[in-house]
S.K.: 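One structure, as C-alpha coordinates, below. Some questions next.
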Protein chains: 2
Amino acid sequence: MKKIILASASPRRKEILKQMGVQFSVLTGNCEENPTKTEPAEIVEELSRKKAWAAAGLIAQDCIVIGADTVVAYENKILGKPKDEEDAVRTLEMLQGKTHQVYTGVTVLERKGEEWIPHSFSERTDVTFYPVDGQEIRRYVKSGEGMDKAGSYGIQGYFGGYVKKICGDYWNVVGLPAGRLFYETKKSGINLRG
Amino acid sequence: MKKIILASASPRRKEILKQMGVQFSVLTGNCEENPTKTEPAEIVEELSRKKAWAAAGLIAQDCIVIGADTVVAYENKILGKPKDEEDAVRTLEMLQGKTHQVYTGVTVLERKGEEWIPHSFSERTDVTFYPVDGQEIRRYVKSGEGMDKAGSYGIQGYFGGYVKKICGDYWNVVGLPAGRLFYETKKSGINLRG
(Lines give C-alpha, C1' and ligand atoms only; values in the text may rest on other atoms or scores of the structure.)
Protein backbone atom coordinates (compact mmCIF):
# COMPACT_ATOMS: atom_id res chain seq x y z
CA MET A 1 0.00 0.00 0.00
CA LYS A 2 1.17 3.50 -0.86
CA LYS A 3 1.78 6.00 1.92
CA ILE A 4 -1.17 8.36 2.41
CA ILE A 5 -0.58 12.07 3.06
CA LEU A 6 -3.31 14.39 4.32
CA ALA A 7 -2.52 17.91 3.06
CA SER A 8 -4.50 19.59 5.84
CA ALA A 9 -3.71 20.61 9.40
CA SER A 10 -7.40 20.53 10.42
CA PRO A 11 -7.76 18.41 13.58
CA ARG A 12 -11.31 17.55 12.48
CA ARG A 13 -10.19 16.06 9.14
CA LYS A 14 -7.51 14.05 10.92
CA GLU A 15 -10.10 12.75 13.37
CA ILE A 16 -12.47 11.63 10.59
CA LEU A 17 -9.78 9.68 8.69
CA LYS A 18 -8.57 8.05 11.92
CA GLN A 19 -12.10 7.06 12.92
CA MET A 20 -12.66 5.50 9.48
CA GLY A 21 -9.58 3.32 9.70
CA VAL A 22 -7.15 5.22 7.45
CA GLN A 23 -3.44 5.30 8.32
CA PHE A 24 -1.83 8.53 7.15
CA SER A 25 0.67 11.31 7.78
CA VAL A 26 0.04 15.06 7.65
CA LEU A 27 2.04 17.39 5.39
CA THR A 28 0.95 20.88 4.39
CA GLY A 29 2.59 23.11 1.81
CA ASN A 30 2.17 26.84 1.33
CA CYS A 31 -0.51 27.98 -1.06
CA GLU A 32 -2.56 31.09 -1.68
CA GLU A 33 -6.20 30.61 -0.78
CA ASN A 34 -7.53 33.18 -3.28
CA PRO A 35 -10.02 31.41 -5.52
CA THR A 36 -10.51 32.41 -9.15
CA LYS A 37 -13.96 30.75 -9.28
CA THR A 38 -17.26 32.12 -7.95
CA GLU A 39 -19.54 29.07 -7.41
CA PRO A 40 -19.08 27.43 -3.97
CA ALA A 41 -18.69 23.93 -5.47
CA GLU A 42 -15.99 25.19 -7.87
CA ILE A 43 -14.19 27.24 -5.23
CA VAL A 44 -13.74 24.31 -2.84
CA GLU A 45 -12.54 22.04 -5.64
CA GLU A 46 -10.04 24.67 -6.77
CA LEU A 47 -8.71 25.24 -3.26
CA SER A 48 -8.49 21.51 -2.51
CA ARG A 49 -6.42 21.19 -5.71
CA LYS A 50 -4.08 23.99 -4.62
CA LYS A 51 -3.61 22.48 -1.18
CA ALA A 52 -2.94 18.99 -2.57
CA TRP A 53 -0.41 20.25 -5.14
CA ALA A 54 1.35 22.42 -2.54
CA ALA A 55 1.97 19.32 -0.42
CA ALA A 56 2.80 17.14 -3.45
CA GLY A 57 5.57 19.59 -4.42
CA LEU A 58 7.42 18.57 -1.25
CA ILE A 59 7.25 14.82 -1.88
CA ALA A 60 9.70 12.65 -3.79
CA GLN A 61 8.26 9.18 -3.25
CA ASP A 62 5.24 7.22 -4.54
CA CYS A 63 2.25 8.14 -2.41
CA ILE A 64 -1.31 9.44 -2.31
CA VAL A 65 -2.01 13.05 -1.31
CA ILE A 66 -5.43 14.22 -0.11
CA GLY A 67 -6.30 17.94 -0.12
CA ALA A 68 -9.64 19.34 1.07
CA ASP A 69 -11.39 22.67 1.51
CA THR A 70 -14.77 23.43 3.12
CA VAL A 71 -17.04 26.47 2.87
CA VAL A 72 -20.46 27.34 4.22
CA ALA A 73 -22.90 29.05 1.85
CA TYR A 74 -26.25 30.70 2.40
CA GLU A 75 -28.32 31.83 -0.57
CA ASN A 76 -25.22 31.13 -2.69
CA LYS A 77 -23.11 33.63 -0.67
CA ILE A 78 -20.01 32.21 0.95
CA LEU A 79 -19.61 32.59 4.70
CA GLY A 80 -16.02 32.37 5.87
CA LYS A 81 -14.61 32.22 9.38
CA PRO A 82 -15.97 35.09 11.53
CA LYS A 83 -13.91 38.29 11.74
CA ASP A 84 -14.97 38.93 15.35
CA GLU A 85 -17.75 38.08 17.82
CA GLU A 86 -20.25 40.51 16.28
CA ASP A 87 -19.66 38.96 12.87
CA ALA A 88 -20.29 35.48 14.32
CA VAL A 89 -23.53 36.68 15.96
CA ARG A 90 -24.74 38.18 12.66
CA THR A 91 -23.93 34.96 10.77
CA LEU A 92 -25.69 32.67 13.25
CA GLU A 93 -28.73 35.00 13.44
CA MET A 94 -28.96 34.71 9.67
CA LEU A 95 -28.62 30.89 9.65
CA GLN A 96 -30.97 30.06 12.59
CA GLY A 97 -34.35 28.64 11.55
CA LYS A 98 -33.11 28.25 7.96
CA THR A 99 -31.33 25.81 5.62
CA HIS A 100 -27.79 26.50 4.42
CA GLN A 101 -25.23 24.54 2.40
CA VAL A 102 -21.85 23.14 3.26
CA TYR A 103 -19.47 22.31 0.39
CA THR A 104 -16.26 20.36 0.68
CA GLY A 105 -13.91 19.96 -2.27
CA VAL A 106 -11.46 17.08 -2.31
CA THR A 107 -8.44 16.42 -4.50
CA VAL A 108 -6.60 13.11 -4.45
CA LEU A 109 -3.21 13.03 -6.16
CA GLU A 110 -1.74 9.63 -6.85
CA ARG A 111 1.94 9.52 -7.67
CA LYS A 112 2.96 6.84 -10.16
CA GLY A 113 6.65 7.04 -11.01
CA GLU A 114 7.32 10.61 -12.19
CA GLU A 115 3.67 11.40 -12.76
CA TRP A 116 0.89 12.64 -10.47
CA ILE A 117 -2.63 11.53 -11.37
CA PRO A 118 -5.27 13.96 -10.05
CA HIS A 119 -8.89 13.20 -9.04
CA SER A 120 -11.14 16.04 -7.80
CA PHE A 121 -14.77 16.30 -6.73
CA SER A 122 -16.99 18.35 -4.45
CA GLU A 123 -19.80 17.28 -2.17
CA ARG A 124 -22.73 19.34 -0.84
CA THR A 125 -24.74 18.85 2.33
CA ASP A 126 -27.82 20.87 3.33
CA VAL A 127 -28.07 21.77 7.02
CA THR A 128 -31.30 23.03 8.64
CA PHE A 129 -31.30 24.76 12.03
CA TYR A 130 -34.15 25.01 14.52
CA PRO A 131 -34.98 28.58 15.55
CA VAL A 132 -32.33 29.83 18.00
CA ASP A 133 -32.89 33.06 19.96
CA GLY A 134 -30.41 35.94 20.18
CA GLN A 135 -29.49 35.19 23.79
CA GLU A 136 -28.55 31.58 22.97
CA ILE A 137 -26.52 32.71 19.97
CA ARG A 138 -24.59 35.27 22.03
CA ARG A 139 -23.87 32.73 24.73
CA TYR A 140 -22.52 30.27 22.14
CA VAL A 141 -20.39 32.92 20.43
CA LYS A 142 -18.93 33.93 23.83
CA SER A 143 -17.78 30.30 24.33
CA GLY A 144 -15.38 30.84 21.41
CA GLU A 145 -16.00 27.38 19.94
CA GLY A 146 -17.17 28.62 16.54
CA MET A 147 -14.62 31.40 16.08
CA ASP A 148 -12.16 29.35 13.96
CA LYS A 149 -14.87 27.71 11.83
CA ALA A 150 -16.49 28.56 8.48
CA GLY A 151 -20.09 29.65 9.17
CA SER A 152 -19.20 30.45 12.83
CA TYR A 153 -20.27 27.05 14.23
CA GLY A 154 -19.05 23.47 14.57
CA ILE A 155 -21.71 20.81 13.94
CA GLN A 156 -19.97 18.30 16.23
CA GLY A 157 -20.18 20.52 19.33
CA TYR A 158 -22.68 22.61 21.32
CA PHE A 159 -24.25 24.35 18.32
CA GLY A 160 -24.89 20.95 16.73
CA GLY A 161 -27.68 20.72 19.31
CA TYR A 162 -29.66 23.26 17.24
CA VAL A 163 -29.50 21.23 14.02
CA LYS A 164 -32.94 20.03 12.94
CA LYS A 165 -31.76 17.90 10.05
CA ILE A 166 -29.14 17.49 7.40
CA CYS A 167 -29.45 16.09 3.91
CA GLY A 168 -26.21 14.68 2.54
CA ASP A 169 -23.03 13.40 4.16
CA TYR A 170 -22.59 14.35 7.83
CA TRP A 171 -18.77 14.16 7.66
CA ASN A 172 -18.83 16.59 4.75
CA VAL A 173 -20.10 19.23 7.21
CA VAL A 174 -17.32 18.40 9.67
CA GLY A 175 -14.78 18.83 6.84
CA LEU A 176 -14.26 15.67 4.78
CA PRO A 177 -16.88 13.61 2.86
CA ALA A 178 -15.50 10.24 3.89
CA GLY A 179 -18.03 8.01 2.07
CA ARG A 180 -17.58 9.81 -1.25
CA LEU A 181 -13.79 9.88 -0.81
CA PHE A 182 -13.61 6.09 -0.32
CA TYR A 183 -16.11 5.47 -3.12
CA GLU A 184 -14.34 7.68 -5.67
CA THR A 185 -10.86 6.41 -4.88
CA LYS A 186 -12.00 2.79 -4.99
CA LYS A 187 -13.41 3.39 -8.48
CA SER A 188 -9.91 4.61 -9.46
CA GLY A 189 -8.29 1.50 -7.98
CA ILE A 190 -6.97 3.29 -4.89
CA ASN A 191 -7.53 1.62 -1.55
CA LEU A 192 -7.29 4.09 1.34
CA ARG A 193 -8.33 1.71 4.13
CA GLY A 194 -5.89 -1.18 3.71
CA MET B 1 -31.74 23.48 37.62
CA LYS B 2 -33.20 20.02 38.18
CA LYS B 3 -30.95 16.99 38.16
CA ILE B 4 -30.97 15.18 34.82
CA ILE B 5 -31.03 11.37 34.67
CA LEU B 6 -30.28 9.41 31.50
CA ALA B 7 -32.17 6.09 31.70
CA SER B 8 -29.80 4.35 29.29
CA ALA B 9 -26.48 2.57 29.67
CA SER B 10 -25.55 3.17 26.01
CA PRO B 11 -22.06 4.70 25.84
CA ARG B 12 -23.05 6.39 22.58
CA ARG B 13 -26.03 8.24 24.15
CA LYS B 14 -23.84 9.33 27.06
CA GLU B 15 -21.25 10.64 24.61
CA ILE B 16 -23.84 12.67 22.64
CA LEU B 17 -25.25 14.38 25.75
CA LYS B 18 -21.75 15.15 27.04
CA GLN B 19 -20.67 16.57 23.70
CA MET B 20 -23.75 18.82 23.62
CA GLY B 21 -23.04 20.31 27.05
CA VAL B 22 -25.57 18.42 29.22
CA GLN B 23 -24.63 17.48 32.80
CA PHE B 24 -26.37 14.26 33.85
CA SER B 25 -26.21 10.99 35.76
CA VAL B 26 -27.07 7.52 34.48
CA LEU B 27 -29.68 5.30 36.14
CA THR B 28 -31.34 2.32 34.47
CA GLY B 29 -34.27 0.33 35.84
CA ASN B 30 -35.45 -3.10 34.78
CA CYS B 31 -38.07 -3.26 32.07
CA GLU B 32 -39.30 -5.75 29.52
CA GLU B 33 -38.43 -4.77 25.99
CA ASN B 34 -41.39 -6.55 24.37
CA PRO B 35 -43.32 -3.97 22.38
CA THR B 36 -47.10 -4.19 21.94
CA LYS B 37 -46.98 -1.91 18.84
CA THR B 38 -45.99 -2.85 15.30
CA GLU B 39 -44.96 0.44 13.58
CA PRO B 40 -41.27 1.32 14.13
CA ALA B 41 -42.07 4.90 15.25
CA GLU B 42 -44.60 3.61 17.80
CA ILE B 43 -42.35 0.81 19.04
CA VAL B 44 -39.43 3.11 19.87
CA GLU B 45 -41.73 5.59 21.62
CA GLU B 46 -43.28 2.79 23.67
CA LEU B 47 -39.90 1.34 24.66
CA SER B 48 -38.47 4.77 25.51
CA ARG B 49 -41.49 5.27 27.79
CA LYS B 50 -40.90 1.91 29.52
CA LYS B 51 -37.21 2.67 30.04
CA ALA B 52 -37.91 6.15 31.42
CA TRP B 53 -40.61 4.92 33.83
CA ALA B 54 -38.43 2.02 35.02
CA ALA B 55 -35.75 4.52 36.07
CA ALA B 56 -38.29 7.01 37.44
CA GLY B 57 -39.63 4.31 39.75
CA LEU B 58 -36.30 4.34 41.58
CA ILE B 59 -36.19 8.11 42.13
CA ALA B 60 -37.62 10.09 45.04
CA GLN B 61 -36.44 13.62 44.21
CA ASP B 62 -37.41 16.32 41.70
CA CYS B 63 -35.56 15.62 38.47
CA ILE B 64 -35.80 15.02 34.74
CA VAL B 65 -35.52 11.47 33.34
CA ILE B 66 -34.65 10.77 29.70
CA GLY B 67 -35.38 7.35 28.17
CA ALA B 68 -34.56 6.41 24.57
CA ASP B 69 -34.80 3.47 22.21
CA THR B 70 -33.44 3.07 18.67
CA VAL B 71 -34.33 0.62 15.90
CA VAL B 72 -33.25 0.19 12.31
CA ALA B 73 -35.96 -0.57 9.74
CA TYR B 74 -35.80 -1.63 6.11
CA GLU B 75 -38.98 -1.80 4.04
CA ASN B 76 -40.86 -1.32 7.34
CA LYS B 77 -39.33 -4.49 8.84
CA ILE B 78 -37.38 -4.00 12.05
CA LEU B 79 -33.75 -5.12 12.15
CA GLY B 80 -32.48 -5.79 15.65
CA LYS B 81 -28.97 -6.55 16.85
CA PRO B 82 -27.44 -9.46 14.89
CA LYS B 83 -27.75 -12.99 16.32
CA ASP B 84 -24.38 -14.04 14.94
CA GLU B 85 -21.86 -13.14 12.22
CA GLU B 86 -23.89 -14.76 9.43
CA ASP B 87 -26.93 -12.75 10.49
CA ALA B 88 -24.87 -9.53 10.42
CA VAL B 89 -23.56 -10.38 6.92
CA ARG B 90 -27.13 -11.00 5.67
CA THR B 91 -28.35 -7.70 7.14
CA LEU B 92 -25.52 -5.61 5.67
CA GLU B 93 -25.84 -7.32 2.28
CA MET B 94 -29.50 -6.30 2.32
CA LEU B 95 -28.77 -2.68 3.33
CA GLN B 96 -25.79 -1.96 1.01
CA GLY B 97 -26.62 0.24 -1.98
CA LYS B 98 -30.06 1.02 -0.49
CA THR B 99 -31.85 3.47 1.83
CA HIS B 100 -33.07 2.35 5.25
CA GLN B 101 -34.62 4.12 8.24
CA VAL B 102 -33.42 4.67 11.78
CA TYR B 103 -36.03 5.55 14.41
CA THR B 104 -35.30 6.76 17.91
CA GLY B 105 -38.06 7.23 20.46
CA VAL B 106 -37.49 9.55 23.40
CA THR B 107 -39.45 10.01 26.61
CA VAL B 108 -38.73 12.86 29.00
CA LEU B 109 -40.31 12.60 32.45
CA GLU B 110 -40.30 15.74 34.55
CA ARG B 111 -41.01 15.29 38.23
CA LYS B 112 -42.92 18.14 39.85
CA GLY B 113 -43.71 17.40 43.49
CA GLU B 114 -45.53 14.05 43.56
CA GLU B 115 -46.32 14.08 39.88
CA TRP B 116 -44.37 12.99 36.79
CA ILE B 117 -45.14 14.89 33.59
CA PRO B 118 -44.37 12.82 30.47
CA HIS B 119 -43.32 14.03 27.00
CA SER B 120 -42.69 11.50 24.21
CA PHE B 121 -41.75 11.75 20.56
CA SER B 122 -39.98 9.78 17.86
CA GLU B 123 -37.59 10.92 15.16
CA ARG B 124 -36.74 9.25 11.85
CA THR B 125 -33.59 9.52 9.76
CA ASP B 126 -33.07 7.99 6.32
CA VAL B 127 -29.63 6.49 5.69
CA THR B 128 -28.35 5.59 2.19
CA PHE B 129 -25.35 3.32 1.66
CA TYR B 130 -23.02 3.17 -1.31
CA PRO B 131 -22.70 -0.31 -2.83
CA VAL B 132 -20.48 -2.47 -0.60
CA ASP B 133 -19.19 -5.83 -1.85
CA GLY B 134 -19.45 -9.11 0.07
CA GLN B 135 -15.74 -9.23 0.88
CA GLU B 136 -15.83 -5.77 2.48
CA ILE B 137 -18.95 -6.70 4.47
CA ARG B 138 -17.36 -9.92 5.78
CA ARG B 139 -14.23 -8.07 6.78
CA TYR B 140 -16.26 -5.50 8.70
CA VAL B 141 -18.40 -8.14 10.43
CA LYS B 142 -15.21 -10.01 11.47
CA SER B 143 -14.01 -6.82 13.22
CA GLY B 144 -16.93 -7.26 15.65
CA GLU B 145 -17.73 -3.55 15.76
CA GLY B 146 -21.33 -3.91 14.59
CA MET B 147 -22.24 -6.99 16.61
CA ASP B 148 -23.88 -5.09 19.51
CA LYS B 149 -25.73 -2.61 17.29
CA ALA B 150 -29.21 -2.52 15.72
CA GLY B 151 -28.82 -3.02 11.97
CA SER B 152 -25.37 -4.61 12.48
CA TYR B 153 -23.37 -1.39 11.97
CA GLY B 154 -22.35 1.78 13.80
CA ILE B 155 -22.51 4.94 11.71
CA GLN B 156 -19.75 6.63 13.72
CA GLY B 157 -17.12 3.96 12.95
CA TYR B 158 -15.62 2.07 10.00
CA PHE B 159 -18.93 1.23 8.30
CA GLY B 160 -19.87 4.91 8.40
CA GLY B 161 -17.35 5.21 5.55
CA TYR B 162 -19.91 3.49 3.27
CA VAL B 163 -22.68 6.02 3.97
CA LYS B 164 -23.60 8.02 0.87
CA LYS B 165 -26.00 10.38 2.61
CA ILE B 166 -28.47 10.77 5.39
CA CYS B 167 -31.63 12.80 5.54
CA GLY B 168 -32.63 13.81 9.07
CA ASP B 169 -30.72 14.12 12.34
CA TYR B 170 -27.29 12.47 12.38
CA TRP B 171 -27.33 11.96 16.16
CA ASN B 172 -30.64 10.15 15.83
CA VAL B 173 -28.77 7.40 13.97
CA VAL B 174 -26.13 7.22 16.71
CA GLY B 175 -28.92 6.83 19.30
CA LEU B 176 -30.32 10.16 20.50
CA PRO B 177 -31.88 12.99 18.41
CA ALA B 178 -30.20 15.81 20.31
CA GLY B 179 -31.63 18.76 18.35
CA ARG B 180 -35.22 17.55 18.64
CA LEU B 181 -34.72 16.69 22.33
CA PHE B 182 -33.51 20.21 23.16
CA TYR B 183 -36.21 21.79 20.99
CA GLU B 184 -39.09 19.77 22.49
CA THR B 185 -37.98 20.21 26.09
CA LYS B 186 -37.44 23.95 25.63
CA LYS B 187 -41.01 24.26 24.34
CA SER B 188 -42.11 22.59 27.60
CA GLY B 189 -40.06 25.03 29.66
CA ILE B 190 -37.32 22.49 30.46
CA ASN B 191 -33.72 23.61 30.02
CA LEU B 192 -31.36 20.66 29.64
CA ARG B 193 -28.20 22.63 28.88
CA GLY B 194 -27.99 25.04 31.83
Side-chain angles (χ1 to χ4, degrees), chain A residues 15-23 96-97 99 102 121 123-133 135-136 139-140 142-143 145 153-174 176-187 191-194, chain B residues 15-23 96-97 99 102 121 123-133 135-136 139-140 142-143 145 153-174 176-187 191-194:
Chain A
E15 196 47 52
I16 294 169
L17 282 185
K18 229 175 87 183
Q19 201 170 328
M20 297 288 171
V22 180
Q23 298 209 313
Q96 66 80 27
T99 299
V102 180
F121 64 87
E123 181 78 12
R124 163 186 162 169
T125 302
D126 288 358
V127 180
T128 306
F129 279 123
Y130 280 111
V132 190
D133 67 37
Q135 199 187 336
E136 291 170 288
R139 195 166 62 164
Y140 173 70
K142 279 250 165 296
S143 79
E145 200 216 59
Y153 77 94
I155 197 169
Q156 70 282 17
Y158 192 94
F159 214 78
Y162 297 120
V163 171
K164 185 173 181 181
K165 65 170 189 164
I166 71 166
C167 207
D169 181 347
Y170 172 78
W171 300 112
N172 191 46
V173 184
V174 184
L176 194 69
R180 177 89 181 269
L181 172 63
F182 299 141
Y183 184 70
E184 295 278 347
T185 47
K186 198 177 138 194
K187 276 199 299 183
N191 180 1
L192 295 179
R193 303 209 277 177
Chain B
E15 197 46 52
I16 294 169
L17 283 185
K18 228 175 89 184
Q19 201 170 328
M20 296 288 168
V22 180
Q23 298 210 311
Q96 66 81 27
T99 300
V102 180
F121 64 87
E123 181 79 10
R124 163 186 162 170
T125 302
D126 288 357
V127 180
T128 305
F129 280 122
Y130 279 111
V132 191
D133 67 37
Q135 199 187 336
E136 291 170 289
R139 195 167 62 163
Y140 173 69
K142 279 252 167 296
S143 79
E145 200 217 59
Y153 76 95
I155 196 169
Q156 69 283 18
Y158 192 94
F159 214 79
Y162 297 120
V163 171
K164 185 174 181 181
K165 65 170 190 164
I166 72 164
C167 207
D169 181 349
Y170 172 78
W171 300 111
N172 192 44
V173 185
V174 184
L176 195 67
R180 177 89 181 269
L181 172 62
F182 299 141
Y183 184 71
E184 296 277 346
T185 47
K186 198 177 138 194
K187 277 200 299 185
N191 180 0
L192 295 178
R193 304 209 276 177

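Because only heavy atoms are used, hydrogens play no part in the values below, and waters and symmetry mates are left out as well, while side chains stay in. Throughout, a chain's letter reflects where its sequence line sits, starting with A, and its residues are numbered from 1. In this text the structure is predicted, and so the values were computed from the model without any measurement.
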S.K.: Classify the ring geometry of B:Tyr158 against B:Tyr140: parallel below 30°, tilted from 30° to 60°, perpendicular beyond 60°.
M.R.: parallel
S.K.: In terms of ring plane angle, is the pair B:Tyr170 and A:Tyr170 parallel, tilted or perpendicular, where the classes change at 30° and 60°?
M.R.: parallel
S.K.: Select one option (side chain, backbone, both, neither) describing which atoms of A:Tyr183 are under 4.5 Å from chain B's heavy atoms.
M.R.: side chain
S.K.: May I ask you to check whether A:Tyr130 and B:Phe182 place their ring centers less than 6.0 Å from one another?
M.R.: no
S.K.: Taking B:Ala178, B:Cys167, B:Gly161 one by one, which has the highest count of heavy-atom pairs under 4.5 Å against chain A?
M.R.: B:Gly161
S.K.: Heavy atoms only, distances under 4.5 angstrom: which of B:Ile166, B:Asp169, B:Asp126 has the most pairs with chain A? Name it, please.
M.R.: B:Ile166
S.K.: Side chain from CB out, backbone as N, CA, C, O: work out which of these in A:Arg139 comes under 4.5 Å of a heavy atom of chain B, or both, or neither.
M.R.: side chain
S.K.: Within the structure provided, determine whether B:Val173 and B:Val163 are in side-chain contact (heavy-atom separation under 4.5 Å).
M.R.: no
S.K.: Measuring heavy-atom distances to chain B, does A:Glu136 have an atom under 4.5 Å in its side chain, in its backbone, in both, or in neither?
M.R.: side chain
S.K.: For this output row, return yes or no: ring centroids of B:Tyr153 and B:Phe129 closer than 6.0 angstrom.
M.R.: yes
S.K.: Counting distance only, does the side-chain N/O of B:Thr125 pair as donor-acceptor with the main-chain N or O of B:Val102 below 3.5 Å?
M.R.: no
S.K.: Quick one: of A:Glu123, A:Lys186, A:Lys164, who has the most non-hydrogen atom pairs under 4.5 Å with chain B?
M.R.: A:Lys186
S.K.: Looking at A:Gln19, A:Met20, A:Arg193, which has the largest count of heavy-atom pairs under 4.5 Å with chain B?
M.R.: A:Arg193
S.K.: Out of B:Gly21, B:Pro177, B:Gly157, return the one with the most heavy atom pairs under 4.5 angstrom to chain A.
M.R.: B:Gly157
